[in-house]
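A short worksheet on the structure shown next.
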Amino acid sequence: MGKRVAVVLAGCGVYDGSEIHEASAVLVHLSREGAQAEVFAPNISQMHVVDHVKGQPVPEQRNVLVESARIARGNIKDLAQLDVKGLDALIIPGGFGVAKNLSTWATQGKNCSVCREVEDVLRAFHAAQKPIGLCCISPVLAAKLFPGCEVTVGHDTECEKWPYAKTAESMRELGCKHVNSHVTEIHVDPKNRLVTTSAFMCNAPIHEIHDGVGNMVKEVVRLA
């Protein structure tokens, strides 16, 4: 049997949930590696809902689990049901939902809190020494929970290609080591069994982002 990998989503849509292309790339590459994806999301309300045409919040309420089910084609479970014992690895795609729904990074930065269920799951995989894959903004969760860990969100100098590079400095202030990398590259922290890649933290062609996510998934499965 292939490895069983938990994929934790944060909603549906880059501005208020999981980044759909990243989530899809994770599922595609897990399938290519012969791994079985088991998709989860917390049964909580989103921080807010964003109109993805206008890029502005709208007066509406949505549920993270219900919205994540769109990406999972309905094959999804409440994160509270996740049992680390039956799983080999964990992957969390990016998207602003990670910083808004799975944590409060979007409003509090390095002083954020992590959603209790998400924190419990990350700590359980970490304690079991099972690999954790994180892309785009989701490495901030590891930076917050595992001081001294090594991660990448791409580059630490802001420019047109790297518009979110200041994230790296905030992560360093939490005591973690940030490693600069190209969008197709990954960074592996062997001590903490973390595999990270920058994905849409970079203004790059979508195929390069897809390739970087694929390299992350391949390494997570290899370590599992």
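- Using a 4.5 Å cut-off on side-chain heavy atoms (C-beta onward), Val8 and Leu79 make contact.
- When hydrophobic clusters are built by joining Ile, Leu, Val, Met, Phe, Trp and Tyr residues whose side-chain heavy atoms come closer than 4.5 Å, directly or via intermediates, Val39 is not grouped with Leu90.
- The backbone N or O of Val153 lies less than 3.5 Å from a partner atom in the side chain of His178, making a donor-acceptor pair.
- For the pair Thr104 (side chain) and Ser113 (backbone), a donor-acceptor distance under 3.5 Å is present.
- Cluster annotation: Ile92 is connected to Ile132 through the hydrophobic network of ILVMFWY side chains, with a link wherever side-chain heavy atoms come within less than 4.5 Å.
- The distance from the CD atom of Gln81 to the CZ atom of Phe40 is 7.5 Å, given to the nearest 0.5 Å.
- Note on Ile44: it does not cluster hydrophobically with Leu9, by side-chain heavy-atom contacts below 4.5 Å among ILVMFWY residues.
- A heavy-atom distance below 4.5 Å is not found between the side chains of Val14 and Ile20.
- Residues Val195 and Leu134 form no side-chain contact, since every pair of their non-hydrogen atoms from C-beta on lies 4.5 Å or further apart.
- Counting only residues at least two apart or in different chains, salt bridge (Lys or Arg N to Asp or Glu O under 4.0 Å) contacts with residues 186-208 are absent.
- Within the 4.5 Å cutoff, no side-chain heavy atoms of Asp83 are placed close to those of Leu87.
- Applying the side-chain hydrogen bond (donor to acceptor under 3.5 Å, both in side chains) criterion to His210, with sequence neighbours excluded, gives His29.
- Residue Val183 comes nearest to Ala199 through the heavy atom pair CG2-O, 3.6 Å, listed as atom of the first residue, atom of the second, then distance.
- Of all non-hydrogen atoms in Pro131 and Asp88, the two that sit nearest each other are CD-O, 3.5 Å.
- Here the closest heavy-atom approach between residue Val64 and residue Pro42 is recorded as CB-O, 3.5 Å.
- Listed for the Glu22 side chain is a donor-acceptor partner under 3.5 Å among the backbone atoms of Phe200.
- In this structure, the side chains of Cys112 and Lys144 come closer than 4.5 Å at one or more pairs of heavy atoms.
- Annotation: salt bridge (Lys or Arg N to Asp or Glu O under 4.0 Å) contacts involving residues 146-166, sequence neighbours excluded, comprise Asp156-Arg172.
- Annotation for Gln46 and Asn101: closest pair CA-OD1, 3.4 Å, computed over non-hydrogen atoms.
- For the side-chain hydrogen bond (donor to acceptor under 3.5 Å, both in side chains) test, residues two or more places apart in sequence or in another chain that qualify with Thr152 are Ser181.
- Rounded to the nearest 0.5 angstrom, Leu223 CG and Lys218 NZ are separated by 13.0 Å.
- Asn215 pairs by the side-chain hydrogen bond (donor to acceptor under 3.5 Å, both in side chains) definition with nothing, not counting sequence neighbours.
- Pairs passing the salt bridge (Lys or Arg N to Asp or Glu O under 4.0 Å) check and including a residue from residues 106-118, sequence neighbours excluded, read Lys110-Glu173, Arg116-Asp120.
- Remark: Asn75 CG is loosely packed, at most 12 non-hydrogen atoms of other residues, nucleotides or ligands lying under 6.0 Å away.
- Tyr164 and Ile137 fall within the same hydrophobic cluster, defined by Ile, Leu, Val, Met, Phe, Trp and Tyr side-chain heavy atoms under 4.5 Å apart, directly or through other members.
- At least one side-chain heavy atom of Val7 sits less than 4.5 Å from a side-chain heavy atom of Leu30.
- Cluster membership check: Leu82 shares its hydrophobic cluster with Val98, using side-chain heavy-atom separations under 4.5 Å among Ile, Leu, Val, Met, Phe, Trp and Tyr.
- Residues in residues 48-67 take part in these side chain to side chain donor-acceptor pair (under 3.5 Å) pairs, two or more places apart or across chains: Asn43-Asn63, His48-Lys100, Glu60-Arg62, Arg62-Glu67, Glu67-Arg70.
- Interatomic distance, CG of Asn180 versus OG of Ser198, reported as 10.0 Å (0.5 Å rounding).
- Across Val26 and Pro93, no two heavy atoms sit closer than the pair CG2-CG, 4.2 Å.
- Counting only heavy atoms from C-beta outward, the side chains of Val118 and Ser103 never approach each other to under 4.5 Å.
- Contact record, Met216 with Cys135: CE-CB, 4.0 Å, taken as the closest heavy-atom pair.
- The side-chain heavy atoms of Leu194 and Val151, taken from C-beta on, include a pair separated by under 4.5 Å.
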Exercise for review: For Thr167 and Val140, run side-chain contact (heavy atoms from CB on, under 4.5 Å): C-alpha distance rounded to whole Å, both residues' side-chain angles, the deciding distance at 0.1 Å, then the answer.
Suggested key: CA-CA 8 Å; Thr167 303; Val140 301; 3.7 Å; yes
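- Among residue pairs with one or both ends in residues 122-143, those qualifying as side chain to side chain donor-acceptor pair (under 3.5 Å) are Glu119-Arg123, His126-Asn192; sequence neighbours excluded.
- Shown here are the side-chain hydrogen bond (donor to acceptor under 3.5 Å, both in side chains) partners of Glu169, two or more places apart in sequence or in another chain: there are none.
- A donor-acceptor distance shorter than 3.5 angstrom exists from the side chain of Ser18 to the backbone of Ala10, with no hydrogens or angles considered.
- The ring-ring contact (aromatic ring centres under 6.0 Å, His included) analysis of residues 72-105, with sequence neighbours excluded, yields no pairs.
- A search for side-chain contact (heavy atoms from CB on, under 4.5 Å) contacts involving Ala143 returns Met171, Leu174, Cys176, not counting sequence neighbours.
- Among residues at least two apart or in separate chains, salt bridge (Lys or Arg N to Asp or Glu O under 4.0 Å) pairs with a member in residues 4-21 are Arg4-Glu38.
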